[in-house]
Each structure stands twice: as C-alpha cells, then as structure tokens.
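All residue numbers in this chain count up from 1 along the given sequence.
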Amino acid sequence: MSIGFSFTGRVKKPERLLSAAKELADQRGYQMSQWENGLGVQLCPIGGNLSIIWKKEGGFLGQWAVEGSCVSTPAGPGLHQAAVELLDSLDIQKLQVEDETEYYQHRDFQRMLREHFYPWLATLVRIADDEIQKGTASMCLCWDLDQYMPEDVPGTVITPMGRFSAQWLKTVLEEEGVEALAERFFLWYHPGAWDALFRRNLALNQLWEGCSFAPSSRSEEDAGMNRAICDNLEQAAELDPALPLPRQAYAEVCALAGRAPALPDGPELELEFQPGFRKGMVAYPIGPLRLTLPGIYLFEWEEWGENSGCHKWWNESSPIWRVSGYKMREGNAAFTPVLREDKDRKELEIKGGALCYGWRELPEEDGQPLYQVRGEVISGPSLFLITVTYQDPGQREEIGALFEKITVVTQDMEKHAIQANQDEED
C-alpha cells in the first residue's frame, strides 16, 4: 500500500506544460527531467516524483491528453500537499484527480494526517512487529530494492530514515503516539516549505543511506554528500535551535570534510543506532547476483567502448572489483576454461547457482607487484565474470571470503522478495 494520487486532463501544447513545470521547479527548488512524451518533477530526495505523460488526440484540432501520478509515501504528507499545489499551478484543462486521501478536494491537512498517513504508518509498525515476532532477522520498509541492501541486524527494520528496532517502533507508537513516530519516519512531515524538521530528517537520510563516511578529498561524490549533510544540519539549527540533532554524526562528517563544526549548543537527538548503513557491509544487486562489499566503496560504470563496460567498485588502497554480466541465448551458462590455470582455484555450489574463483599474478605496475582474483558465477542462463585487482598479497584471504558471500536471487526468490516488500506496505 502506498499513498498518492493520479490525474488526467488536456493541454493545448506540451511545450507550454514543459515551460510551466520548469519555471515552477526552479522557483521551488525541485528537480525536473523530461523525455520525448513526458516529464517528471522530483519534489524531494525520497520519492516524491510527480510524473506526467502526454499523447496527441485525434482530429485536426486535437489537443494533447495528459495523465500522471505521484506517490507521496514514504516522503510524507508535506510532499503530498506540495505535489497537489504544484499540480494546481500547471494549468491543465479538464483536470480530473483521483486522490485516495481526498486532500485534493477538501484541502484539510490535519484531516489527511488523521485519516491516511497516521493509519498507514501505524500499520507498517504492526507489520514489522509481527514479522520480527515470527523470527524474521531484519526487514525492510519502503526500501528501494534496486539499490544496495544493508546488512542484517536481528530484530531491526531498515528504512530510508535509518535503522530502528521493531521494539522501539512499537514502544514509541504505544507510549508516545503516532505523531511522535511520524516526526522520525517522514522526511516531509509538516505542511509548507522545507522547515527545520525537514532539514534534519533530510540529513538523517543522507547520513544513513547516502554517506560513505569517507574523506571529502577522495571524490566529488564524497565532498558533495559531506557538505550537504553539514549544510542541512546547520540550517536546521538556525531555523529551530531547540530541535534535537544528530550532533555526534555531524562532528564526524565535519572531520571528514575538513570543516570546522559550526552548530550552536543544543540538544542531541537520541538514536538507537549511529547513522551509516555504509559503515558496514552492503549487498549490491547486479541482475540476480548479490555482491557483498564494504559500504565505503564507491560505485561507477567503467566504459570500455561503445555499448560495453562493467560495474566497478573502488576505494583508496583497496582492491578494485569489476563485474560483467552476460546471458546465454539458449540453455544454461557453464564455467568457461579461462580460470583453469589460476592458482588455488575453488568451485562452490551456492543457492541458485555456482561459483568458482582463483588468483594469478599480473605484470608489475610502476615497479609494484600486482595480483588478481578472478571468478565466475553461473545461474541458469546468466554468467558473471568478476575480477579483483590488488597489490598486497595479504588481501587475498579477505577477497576470497567476500567471494564466498556471493549469492544469487532466482526469479522465484526475487518475486517473493518483491511481494514481501509490497505486503509490508499493504
């Protein structure tokens, strides 16, 4: 279950709609993208994408039919209101809106909270508690299954706003009420412009989900993330000095950014777990393959040429991992003969497939020794080639241990995971 709205209408020219959407996005600090027959306006970092597509109607003087939608969970009720107000400003003719909260019709923010967002959140907490009581190690709520998966911590729930114990969620709901829980769970909880709570919760999302806790000097990506976290927390303190903030995490990121802490004195936000999914191990999906690596690694797509390349993960002075995926046109994949001469070759069965790996010496680079662990994973028609290049022979054992953490998600398992995630939201 998710909360949102959909709509239909007409415009005379898509160009006018594009122009109006771009002007509004610029005014309100949103991000806009466009494609051949549509556009999207992203109102905040967690979901919140108002998407619109158009199609020419028949007839010489035919207008353009438009349709669109916006899902406002888990971002929150503030996003729902902002998306409705954005839609108001786009001047779409014969606009018909299906808003399950009915906010588009009554415009009563508190009513929308009481009747929809609070019950939705309370239901998620009950589902999480039920699943943990059944013996589930940990579970995800509103987590994007296309990105990395944080490591399991028994009895906990993974969300875009951080890791919570199921017991903590239940206790807050029962003893402090759903309003107190909503302040921690929703990124955009209050109506109107981005306020102190929004800035704090945005920083929490960035700390938990985006930050790799690496020095800003490592990459532009690290520098941008570290800077954004510090800026958001400093803005939150300026807007509301009494708002509790994750000051310990702020000081840690300031050190990584080479930035002098600038928060005024104020309360510390109480946290069960210190922020940072990427401080631990995370599992990256590559088709059915799940590759577990330290979260501090940066990902990039390495171009080899036209329409070719590989997935690449790297960190300073650490082994460099590269993964390429292939699919057989007919039949199932099999190991290639490439690794037969590699040293200490191992072949293992894994759930949903099999893997093999070994290592070899490479020509020296700048007078330094160079080694490579090479591996293959097969699962049905899929074949994955993995190389890990490193300089210190002492790293080989750790690389082998990470190879043996590789898993494969079969189609049936993937359907089950997707269904479980949908059930969490129902």
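- Side chain of Tyr250 to backbone of Ala262: a donor-acceptor contact under 3.5 angstrom is found.
- Checked by atom type and distance alone, the side chain of Asn201 pairs as donor or acceptor with a backbone atom of Glu183 at under 3.5 Å.
- With rounding to the nearest 0.5 angstrom, the OG atom of Ser382 is 5.5 Å from the NZ atom of Lys327.
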Do any side-chain atoms of residues 384-394 form donor-acceptor pairs under 3.5 angstrom with protein atoms, and if so which ones, sequence neighbours left out?
{"from": "Thr389", "atom 1": "OG1", "to": "Gln372", "atom 2": "NE2", "distance (Å)": "3.2"}
{"from": "Tyr390", "atom 1": "OH", "to": "Arg396", "atom 2": "NE", "distance (Å)": "2.8"}
{"from": "Asp392", "atom 1": "OD1", "to": "Gly394", "atom 2": "N", "distance (Å)": "2.9"}

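- Of the N and O atoms on the side chains of Asn226 and Arg259, not one donor lies less than 3.5 Å from an acceptor on the other residue.
- We find that Asp342 and Arg360 are not joined by a salt bridge, their nearest charged nitrogen and carboxylate oxygen being 4.0 Å or further apart.
- Arg184 and Thr159 share no side-chain donor-acceptor pair at under 3.5 Å.
- Between Phe273 and Trp168, the distance separating the two ring centers is not shorter than 6.0 angstrom.
- The aromatic ring centres of Phe5 and Tyr104 sit 6.0 Å or more apart.
- The aromatic rings of Phe299 and Trp313 sit tilted, their planes meeting at an angle between 30° and 60°.
- Counting only N and O atoms by type, the side chains of Ser138 and Arg163 include no donor and acceptor under 3.5 Å apart.
- Looking only at atom types and distance, the side chain of Tyr118 has no donor-acceptor partner in the side chain of Glu179 under 3.5 Å away.
- At a cut-off of 3.5 Å, with distance as the only test, no side-chain donor of Thr8 or Glu67 sits close to an acceptor on the other residue.
- Figure legend: Arg16 and Trp64 shown without cation-pi pairing, the cationic atom not lying both under 6.0 angstrom from the six-membered ring centre and within 45 degrees of its axis.
- Phe198 pairs in a ring pair (Phe, Tyr, Trp, His ring centres under 6.0 Å) with only one of the listed residues (Phe186, Tyr189, Trp188), which is Trp188.
- Between the side chain of Arg199 and the backbone N or O of Ala237 there is no donor-acceptor pair closer than 3.5 Å.
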Could you give me the CA-CA distance, side-chain angles and deciding distance for Gln42 and Ser33, then say whether side chain to side chain contact (heavy atoms under 4.5 Å, CB included) is met? CA-CA 8 Å; Gln42 187 173 6; Ser33 58; over 6 Å; no
Would you sort out whether Asn315 and Arg218 count as a side-chain hydrogen bond (donor to acceptor under 3.5 Å, both in side chains), showing the intermediate values? CA-CA 8 Å; Asn315 181 35; Arg218 183 179 70 164; 2.7 Å; yes
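- The aromatic rings of Tyr103 and His80 sit perpendicular to each other, their planes meeting at more than 60°, with 30° as the lower class boundary.
- With 3.5 Å as the limit, one finds a donor-acceptor pair spanning the side chains of Trp314 and Glu300.
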For Tyr357 and Glu404: C-alpha separation, side-chain torsions, deciding distance, then whether side-chain hydrogen bond (donor to acceptor under 3.5 Å, both in side chains) applies. CA-CA 9 Å; Tyr357 69 94; Glu404 297 187 20; 2.6 Å; yes
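- Annotation: the span from Tyr297 atom OH to Glu316 atom CD amounts to 12.0 Å, rounded to 0.5 Å.
- For Gln31, the CD atom counts as loosely surrounded, since its 6.0 Å shell holds 12 or fewer non-hydrogen atoms of other residues, nucleotides or ligands.
- The pair Glu151-Arg278 does not count as a salt bridge, with every side-chain nitrogen at least 4.0 angstrom from each carboxylate oxygen.
- The backbone N or O of Val338 sits less than 3.5 Å from a side-chain atom of Arg374, completing a donor-acceptor pair.
- Using a 4.0 Å cut-off between charged side-chain N and carboxylate O, Arg126 and Asp130 make no salt bridge.
- Considering CZ of Arg10 and CD of Glu57, their distance stands at 4.5 Å, rounded to 0.5 Å.
- In terms of modelled atom types and a separation under 3.5 Å, the side chain of Thr156 and the main chain of Asp152 share no donor-acceptor contact.
- With hydrogens and angles left out, the side-chain atoms of Tyr371 and Gln395 include no donor and acceptor closer than 3.5 Å.
- For the residue pair Gln167/Thr171, the side-chain donor-acceptor check at 3.5 Å is satisfied.
- Side chains of Thr101 and Asp99: a donor on one and an acceptor on the other come within 3.5 Å.
- Nearest heavy-atom pair, Ala214 versus Asp222, reported as atom, atom and distance to 0.1 Å: CB-OD1, 3.7 Å.
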